[in-house]
Amino acid sequence: MRINSISYPLNFGYSKKSQSYLDNNIAQIEEPEFREALQGCSTVCNHMEDVIKKKEKTCPDFSKSEYADLFISLKDVLTASVITQFTDSEQYLQSEYDYYLNSLKKCKDKENNWRQLLLDRLKFWDSDLGKTQDELKAELNEARRAVRKNQARLDNISQTNTTSKANESKTKSTDSSPLVEKLKRNQYSPRGFVDIMGMDELKEEFEENIVKPVNNPEQALIDFVEYGKKSPAGILLYGPPGCGKTYIIEALAAEINSEVYVMNSSNTGSKYVNQTANNIKEAFEYIYEKGDNSHKPILLFMDEIDAMTSNRDSFSNNEDIKSIAALLKYIEEAKVHNVIVIGATNKYDMMDPAIRRRFDLKRYVGLPDKKQRVELIENNLQKKAKGKKLLNDNSAVLNIANALEGYSCHSINIICDIASLNALKRQRADISVEDFEYAIEHTDEEKIDETSYKPLARKRKLGFDTFLQPKK
């Protein structure tokens, strides 16, 4: 059983190599209480380090406070536990030493710095570590100098140009990916939840479980320590097309001042053996790098995720199974790379059940209710000077909202535009109810039957009621 890392605050300042070692080894501990205690100690250490690094930017003396002393003490407990529990603990010690040594070199004020205290404690656990580290670095630098000297003598101009082009290509490859594209904001992008009409419950849930923890990591730490509250590592939105799934994700990104990257199923699929799984691996490694280098968590939006995660059955081929296995692995690991994975689908029941379970927060985004339809119409009329008269007629807007029942948010916006253009044709008249009647009659948009988009009802198990009710 794999122990999941806590997913917020989603940007830690700790060594990813050390954390990977802990995640892999802690999962092997058989005793659940000790396993959870060690995982909890590691998580609290990571949170405290993140707080210290943020505070010392504005208050240098904070790195010498009692808070830093407590952090070092907890690190000491964690290190002692690792040494006594795992036979290959030298890997952990070495990665910790490398990380904090490099971190110390970047600090202007090295006197009484908490990083130096940590290095001294690591040497205490392995007295040869500091000496070995210095010797290895000296030997490595000498070898690098020798290689550079010989390379400069042997290389010709052509080889130099080739190397330069290769380096340039490598640099560009880290800035872009053909499999994942950054969602660019425009004049129609939402400024935040304030631009989302309706969806009150979903907005409130996002605000409580994602926005507040990300924007206030110190309070998130308190909530976790006192109540064990965690933010979702994955979100799955499902429902009819055109109901605002992508739009609310853009609003969420604006609320936490983050970036959204989109991975579409059409980009990752391939007819070649193993290529689809390799494409998924490449896409996630690219997004992992973005997350590791970001101060705020980034959002990976997997649109039409059902196309990549169809149910495994007797008709599935090896490529489908490999693709699902790859997604299971990389979605699970995303949380430790500062990435929130968000899936969207119109076909919830076609998704593989194991993939669905990877998303802790699953929410249905359905057709707009009457309140949301009224808000959509009012918002549309508010932007048009010729719509002000109709906007002030509440009963007329309500009648239009009733007539638009069954249409998606996208369809309602299109119908509003058709109505506006029809008023323009009527010698630039004010937009009226009659224009909406014309738009509904002449639109190509169709009403949606929601029943085909909701999950199938679970069948009652034999003896279920008897099992739940105590015997008399």
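FYI, the numbering just counts along the sequence from 1.
Side-chain contact between Y453 and I448 is present, with heavy atoms from C-beta onward closer than 4.5 Å. V211 places a side-chain heavy atom less than 4.5 Å from the side chain of F193. With a 4.5 Å cut-off on side-chain heavy atoms, L236 and Y348 count as touching. Under the 4.5 Å side-chain criterion, counting only non-hydrogen atoms from C-beta, Q19 is not in contact with V336. Inter-residue side-chain proximity for L183 and Y261 is flagged as unmet; no heavy-atom pair is nearer than 4.5 Å. For the pair V260/K182, no side-chain contact is recorded, criterion being any heavy-atom separation below 4.5 Å from C-beta on. Contact annotation: the side chain of R356 never approaches that of Y238 to less than 4.5 Å [non-hydrogen atoms, C-beta and beyond]. Between K329 and E333, the closest side-chain pair of non-hydrogen atoms falls below 4.5 Å.
Counting only distance, with no hydrogens or angles, the side chain of Q372 and the backbone of M197 share a donor-acceptor pair below 3.5 Å. A donor-acceptor pair is defined here as one N or O able to donate and one able to accept, closer than 3.5 Å; such a pair exists between the side chain of S258 and the backbone of P297. Within the 3.5 Å criterion, the main-chain N or O of L38 finds no donor-acceptor partner in the side chain of S42. A donor-acceptor pair under 3.5 Å links the side-chain atoms of S95 to the main chain of Q91, judged by distance alone. A donor-acceptor distance shorter than 3.5 angstrom exists from the side chain of D360 to the backbone of G234, with no hydrogens or angles considered. Side chain of S411 to backbone of Y407: no donor-acceptor contact under 3.5 angstrom is found. With D76 contributing its side chain and I72 its backbone, the two residues share no donor-acceptor pair below 3.5 Å. At distances below 3.5 Å, at least one donor-acceptor pair connects side-chain atoms of R35 with backbone N or O atoms of I29. Panel note: side chain N380, backbone L376; no donor-acceptor pair is recorded below 3.5 Å. Not a single donor-acceptor pair under 3.5 Å links the side chain of N257 to the backbone N or O of A253.
Considering only residues two or more places apart in sequence or on other chains, R363 meets the side-chain contact (heavy atoms from CB on, under 4.5 Å) condition with L202, E205, L237, L361. Scanning for side-chain contact (heavy atoms from CB on, under 4.5 Å) contacts around I222 gives Q219, E226, with sequence neighbours left out. The side-chain contact (heavy atoms from CB on, under 4.5 Å) search around S89 returns Y21, V82, I83, not counting sequence neighbours. Qualifying side-chain hydrogen bond (donor to acceptor under 3.5 Å, both in side chains) partners for K362, counting only residues two or more places apart in sequence or in other chains: none. Under the rule for a side-chain contact (heavy atoms from CB on, under 4.5 Å), the partners of A344 that lie at least two apart in sequence or sit in another chain are K245, F301, D303. In this structure, E255 has no side-chain hydrogen bond (donor to acceptor under 3.5 Å, both in side chains) partners at least two apart in sequence or on a different chain.
Annotation for C409 and C243: closest pair SG-O, 3.9 Å, computed over non-hydrogen atoms. When all heavy atoms of I248 and I196 are compared, the closest pair comes out as CA-CD1, 3.9 Å. Pairing each heavy atom of C41 with each of L78, the nearest pair is SG-CB, 4.0 Å. The heavy-atom pair separating R373 from P368 by the smallest distance is NH1-O, 3.0 Å. In terms of heavy-atom proximity, S18 sits nearest to E96 at OG-OE1, 2.8 Å. Taking each heavy atom of P241 and N346 in turn, the nearest pair found is N-OD1, 3.7 Å.
Ring-plane geometry between W114 and F71 is classed as perpendicular, the angle between the planes exceeding 60 degrees on a 0 to 90 degree scale with a lower cut at 30. Ring orientation note: the planes of F284 and Y330 are close to parallel, at an angle under 30° on the 30°/60° scale.
Between D50 and K54 there is a salt bridge, since a side-chain N of the basic residue sits under 4.0 Å from a carboxylate O of the acidic one. Between E304 and K347 no salt bridge is recorded (no basic side-chain N to carboxylate O distance below 4.0 Å). R358 has a carboxylate O that lies under 4.0 Å from a charged side-chain N of E332, or vice versa, which qualifies the two as a salt bridge. Under a 4.0 Å N-O distance rule, the pair E49/K53 qualifies as a salt bridge. Using a 4.0 Å cut-off between charged side-chain N and carboxylate O, E285 and K281 make a salt bridge.
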Between K17 and Y99, is a side chain to side chain contact (heavy atoms under 4.5 Å, CB included) present by the stated rule, with each step listed? CA-CA 9 Å; K17 187 174 181 181; Y99 176 76; over 6 Å; no
Can you list the steps and then say if K290 with E259 is a salt bridge (charged side-chain N to carboxylate O under 4.0 Å, His left out)? CA-CA 10 Å; K290 293 291 183 183; E259 303 289 353; over 6 Å; no
Go through I305 and M351 one step at a time and tell me if the side chain to side chain contact (heavy atoms under 4.5 Å, CB included) criterion holds. CA-CA 8 Å; I305 191 174; M351 289 181 60; 3.9 Å; yes
Chi angles and distances behind the side chain to side chain contact (heavy atoms under 4.5 Å, CB included) call for I355, L327: CA-CA 8 Å; I355 294 290; L327 281 171; 3.8 Å; yes
Intermediate values then yes/no, side chain to side chain donor-acceptor pair (under 3.5 Å), N379 and E375: CA-CA 6 Å; N379 182 64; E375 290 180 355; over 6 Å; no
Could you walk me through whether I235 and F206 pass side chain to side chain contact (heavy atoms under 4.5 Å, CB included), step by step? CA-CA 10 Å; I235 303 168; F206 281 174; 4.0 Å; yes
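Taking the ring centroids of F86 and Y92, they lie at or beyond the 6.0 Å cut-off.
For the atom pair E207 CD and D200 CG, the distance stands at 12.5 Å (nearest 0.5 Å). Summarising the geometry, atom CG belonging to L104 is positioned 10.5 Å from atom CG belonging to L118; distances are rounded to the nearest 0.5 Å. A distance of 13.5 Å separates CG of L117 from NZ of K75, quoted to the nearest 0.5 Å. Distance CD/E378 to SG/C416: 11.0 Å, rounded to 0.5 Å. How far OG1 of T43 is from CZ of F224: 5.0 Å, rounded to the nearest 0.5 Å. With values rounded to the nearest 0.5 angstrom, I210 atom CD1 is found 5.0 Å from I340 atom CD1.
Other residues, nucleotides and ligands place no more than 12 heavy atoms under 6.0 Å from the CZ atom of R191.
Applying the side chain to side chain contact (heavy atoms under 4.5 Å, CB included) test between I287 and each of N338, V341, L300, D292 identifies L300 as the sole match.
At a cut-off of 3.5 Å, with distance as the only test, no side-chain donor of N278 or E282 sits close to an acceptor on the other residue.
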